[in-house]
Number of protein chains: 2
Amino acid sequence: MPSDKNIELAISDDHASAPPKAAKKILDVAYDLFYRRGIRAIGVDEIVKRAGVTKPSLYRSFPSKDELAASYLRQYDLEFWQRFDEAVDAHPGDARAQIRAFLTRVGKRTQMPQYRGCGMTNAAVEYPERGHPARVVGEDNKRELRRRLRAMAAAMGAPDADTLGDGLLLLIEGAYISGQLFGLGGPAQSVAANADLLIEASLKK
Amino acid sequence: MPSDKNIELAISDDHASAPPKAAKKILDVAYDLFYRRGIRAIGVDEIVKRAGVTKPSLYRSFPSKDELAASYLRQYDLEFWQRFDEAVDAHPGDARAQIRAFLTRVGKRTQMPQYRGCGMTNAAVEYPERGHPARVVGEDNKRELRRRLRAMAAAMGAPDADTLGDGLLLLIEGAYISGQLFGLGGPAQSVAANADLLIEASLKK
DNA sequence: ATTCATACGTACCGATCGGTAACATTGTCA
DNA sequence: TGACAATGTTACCGATCGGTACGTATGAAT
């Protein structure tokens with residue numbers, strides 16, 4: 001579900017020129033199709049057809065399908081950090097509550113019927129080749145997420161913050177995958193509870 | 001790395017007929033290529049070329065590419081349970097030690113340079129459509145793994161065994177994904193330590 | 001030696017893949 | 001009104017996709 005916010009910002013160049021409308025429609029449709037059915041599974045023909053545009057329009061706005069996929073993932077990345085920061089901002093100075101808020105939301109999100117996993121994680125699975133435009137977006141996101149989780153673990157006062165931060169990342173990625181494998185009632189439903197248990201144990205160590 | 005054991009069993013029919021040698025070569029090559037580079041990324045032409053056979057040979061042994069992929073995953077499933085049961089058999093009656101042994105091995109395995117995640121998880125990501133031959137193999141595997149992990153958590157005496165079992169599954173899936181995202185030195189390295197912490201906390205609850 | 005099933009190879013199928021060339025049409029703003 | 005940028009139209013490219021029709025080699029039993 002691509003939000004309309006920030007899309008123009010992601011598409012238009014730094015001049016305040018009028019943003020092409022076709023590019024937005026293309027990216028919206030690509031976002032939906034790539035996420036729901038996979039990048040490799042979707043051809044550019046289907047994208048332009050569903051977007052009501054033509055192929056040359058796609059290639060005027062995006063240099064290649066791979067770069068279109070990367071644009072989709074950059075949008076996904078943006079929305080991810082919006083969700084993450086919402087949880088963080090809701091509990092200023094309380095890293096543990098921030099984690100709890102974020103993971104509670106993840107637990108719900110991953111149980112939704114249309115949930116199909118993390119778009120960036122999925123893309124990395126679809127494109128194992130190092131340096132692929134779609135893959136690097138995901139790699140950067142995960143690296144940054146790891147950094148922040150470790151920092152939050154340290155802020156909680158965990159003796160071994162790196163291990164706890166990594167443990168939280170494992171739980172999160174596990175929830176992403178389990179959500180799309182099991183659907184409703186799967187292991188992802190208990191991600192927040194397990195994280196809390198893990199945090200508790202790590203702080204007392 | 002497909003082991004030669006059990007392959008004939010997986011290929012040949014229940015009559016003790018002589019198994020076609022081409023099918024084994026095809027499955028071996030398909031296993032390697034599908035795992036390393038993804039199922040959708042590999043065409044049947046490349047498989048038969050690398051296997052030194054021809055396309056009709058492939059379609060005489062396997063009804064379709066999708067079914068070949070399913071055969072690859074059934075082989076992967078077989079080897080998965082071999083690894084799992086090795087850890088279990090090494091510590092009879094001690095579920096906690098069994099988990100520790102298995103996860104220690106997972107932690108190492110997911111750090112190897114050629115590691116590319118769990119073949120079944122990856123296939124489920126590549127084929128989100130319900131009922132796809134490749135997907136169902138993975139779904140069955142995960143369902144059974146969940147059942148066994150929950151049973152082991154109960155055997156440990158966890159008050160909320162289902163939650164602990166699910167937590168372990170989340171950590172495992174997280175390790176699979178993180179292994180291929182981060183490689184050496186990634187969060188997967190601490191999967192066993194985090195699992196132990198989580199178990200400890202769950203038992204004391 | 002002939003038979004007969006089985007495995008294999010050559011050549012091909014239509015469809016789709018990502019991507020492009022060349023040109024017509026539109027809407028907007030000066 | 002003229003100019004310009006964005007989009008559309010049509011047709012095409014070579015490559016690859018999964019899959020098959022059909023003839024040929026091979027090996028064991030008779």
Side-chain angles (χ1 to χ4, degrees), chain A residues 7-8 10-30 33-34 37-73 123 126-127 129 131-135, chain B residues 7-8 11-30 33-34 37-73 123 126-127 129 132-135:
Chain A
I7 288 204
E8 297 194 359
I11 292 181
S12 65
D13 43 5
D14 21 10
H15 314 74
S17 64
K21 292 189 294 185
K24 178 184 177 339
K25 284 194 292 185
I26 290 166
L27 186 54
D28 279 357
V29 170
L33 292 178
F34 282 163
R37 297 172 43 197
I39 299 172
R40 294 200 115 115
I42 298 297
V44 290
D45 293 277
E46 183 162 1
I47 294 174
V48 299
K49 189 178 170 188
R50 303 265 272 247
V53 300
T54 56
K55 227 181 326 182
S57 272
L58 191 158
Y59 283 98
R60 274 187 279 260
S61 299
F62 304 93
S64 66
K65 183 199 176 186
D66 286 348
E67 282 302 329
L68 172 59
S71 292
Y72 141 60
L73 291 173
E126 285 199 271
Y127 295 97
E129 314 94 51
H132 189 286
R135 186 184 179 85
Chain B
I7 286 202
E8 296 196 358
I11 293 180
S12 65
D13 44 4
D14 22 8
H15 313 74
S17 63
K21 291 188 292 185
K24 176 180 179 341
K25 284 194 292 184
I26 290 167
L27 186 54
D28 279 357
V29 170
L33 292 178
F34 282 162
R37 297 172 44 198
I39 299 172
R40 291 200 118 113
I42 297 297
V44 291
D45 292 279
E46 184 163 0
I47 293 174
V48 299
K49 189 178 170 188
R50 302 266 272 247
V53 300
T54 57
K55 224 178 331 182
S57 275
L58 192 158
Y59 283 97
R60 262 173 235 121
S61 300
F62 305 92
S64 66
K65 184 199 174 186
D66 286 347
E67 282 301 330
L68 172 59
S71 292
Y72 142 60
L73 291 173
E126 286 199 272
Y127 295 96
E129 315 95 50
H132 189 287
R135 185 181 180 87

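Naming convention: chains lettered A, B, ... in sequence-line order (proteins, then strands); numbering from 1 in each chain.
- A:Ile26 comes within 4.0 angstrom of no nucleic acid atom, judged by non-hydrogen atoms across all strands.
- Atom pair A:Glu67:CD and C:dG18:P shows a separation of 15 Å (rounding to whole Å applied).
- Between A:Val53 and A:Val48, the closest side-chain pair of non-hydrogen atoms falls below 4.5 Å.
- A pairwise comparison of heavy atoms in A:Ile26 and A:Leu58 identifies CD1-CA, 3.5 Å as the closest pair.
- Separating the CG atom in A:Leu33 from the CD atom in A:Glu46 is a distance of 5.5 Å, to the nearest 0.5 Å.
- Heavy atoms of A:Leu68 sit nowhere under 4.0 angstrom from any nucleic acid atom.
- One atom, CG of A:Asp66, and another, P of C:dC17, lie 15 Å apart when rounded to the nearest Å.
- Not one side-chain nitrogen or oxygen of A:Tyr59 sits closer than 4.0 Å to the OP1 or OP2 atom of C:dT20.
- Looking at heavy-atom distances under 4.0 Å, B:Gly52 makes no contact with the nucleic acid at all.
- In this structure, A:Lys21 atom NZ and D:dA6 atom P are separated by 13 Å, rounded to whole Å.
- Protein atom CD1 of A:Ile47 is 8 Å distant from nucleotide atom P of C:dG18, rounded to whole Å.
- Here the P atom of nucleotide C:dC17 and the CD1 atom of A:Ile39 are 15 Å apart, to the nearest Å.
- The heavy-atom pair separating B:Arg40 from B:Lys65 by the smallest distance is CA-NZ, 4.0 Å.
- The base of D:dG18 lies outside donor-acceptor range of the side chain of B:Lys65, with no N or O pair under 3.5 Å.
- For C:dA7, neither phosphate oxygen OP1 nor OP2 lies less than 4.0 angstrom from any side-chain nitrogen or oxygen of B:Ser57.
- Nearest-nucleotide positions on DNA chain C for A:Ser64 and B:Val53 put B:Val53 closer to the 5' end.
- Comparing C:dT10, C:dG19, C:dC17 against the side chain of A:Lys55 picks out C:dG19 as the nearest.
- Counting only heavy atoms from C-beta on, B:Pro56 has its side chain closest to D:dA21 among D:dT10, D:dG18, D:dA21.
- Within 4.0 Å (heavy atoms only), A:Thr54 reaches at least one base atom of the nucleic acid.
- Counting to the nearest Å, the P atom of D:dG18 and the CZ atom of B:Arg40 are 10 Å from each other.
- No option in B:Leu27, B:Ile47, B:Leu73, B:Val29 other than B:Ile47 meets the side-chain contact (heavy atoms from CB on, under 4.5 Å) test with B:Phe34.
- The base of C:dG9 sits with one of its N or O atoms less than 3.5 Å from a complementary donor or acceptor on the side chain of B:Arg60.
- At whole-Å resolution of the value, NZ in B:Lys25 and C1' in C:dA7 are 11 Å apart.
- Counting to the nearest Å, the P atom of D:dT20 and the CG atom of B:Asp45 are 14 Å from each other.
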